[in-house]
Amino acid sequence: MITEAVKMEISTYQKIYNIVRKIPAGRVMTYGQIAGIVDRCSARMVGYAMAALKEGTDVPWHRVVNSRGMVSLQEYAGRDLQYELLKTEGVRFSQNGVIDLSVYRWENGDP
DNA sequence: ATCATGACGTACG
DNA sequence: TCGTACGCCATGA
């Protein structure tokens, strides 16, 4: 029988992915924000979960940015792609390459 | 088991 | 504003 215990056994990674999947196009969430929603999860775990994603994933990883509203770190494979995808979805960047979080931040991942 | 690393965040000087 | 230090804890050597 399907029990609630089954749902409780979803891994932290799956919880993170589940939240990210709910971010609509043209919106973003921060690592710390997701970490705050998922119990016993730190921002690093969110970043690590993103790094563990594969190509064929259905998780919109590009909608996750750091607390400054920028694409994370200096360079990593897919950084430019992240900019492209966000621009395609209508997210506007300032001249500094920063996203205005007060406009584009998505406040809820698991209503 | 320990050590180093990491798509991060906050605190502090 | 910027750099450094530390917390966080999964993952791999």
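Sequence lines set the chain letters: A, B, ... in the order given, protein chains first and strands last, and positions in each chain run from 1.
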Once you round it to whole Å, what is the distance between P of B/dA7 and CG of A/Leu53?
13 Å
Rounded to whole angstrom units, what separation is found between the CG atom of A/Asn66 and the C1' atom of B/dT10?
13 Å
Mind checking what makes side-chain contact (heavy atoms from CB on, under 4.5 Å) contact with [X], not counting sequence neighbours?
X       : value
A/Ser67 : none
A/Ala51 : none
A/Leu85 : A/Trp61, A/His62, A/Leu81

Please enumerate all residues that pass salt bridge (charged side-chain N to carboxylate O under 4.0 Å, His left out) together with [X], with sequence neighbours excluded.
X        : result
A/Glu84  : none
A/Glu107 : A/Arg105
A/Asp58  : A/Arg21

Give every pair of a protein N or O atom and an N or O atom of nucleotides 4-13 of chain C that lie under 3.5 Å apart, one pair per line with the distance.
residue, atom, partner, partner atom, Å
C/dG7, O6, A/Arg44, NH2, 3.3
C/dT11, O4', A/Tyr48, OH, 2.9

For the pair A/Arg63 (side chain) and A/Ile23 (backbone), establish whether a donor and an acceptor sit closer than 3.5 Å, ignoring hydrogens and angles.
yes
Between CG of A/Asn108 and CZ of A/Arg27, what distance do you get to the nearest 0.5 Å?
12.0 Å
Between residues 93-105 of chain A and DNA chain C, which residues have a heavy-atom gap below 4.0 Å?
none
Enumerate all atom pairs, one protein N or O and one N or O from nucleotides 11-13 of chain B, separated by less than 3.5 Å.
none

Anything under 3.5 Å between a donor and an acceptor, one on a side chain of residues 90-99 of chain A, the other on a protein residue two or more places apart or in another chain? List them.
residue, atom, partner, partner atom, Å
A/Ser94, OG, A/Asn96, N, 3.2
A/Ser94, OG, A/Val98, N, 3.3
A/Ser94, OG, A/Val98, O, 3.4

Those residues that, when tested against A/Gln14, pass side-chain hydrogen bond (donor to acceptor under 3.5 Å, both in side chains) (two or more places apart)
none
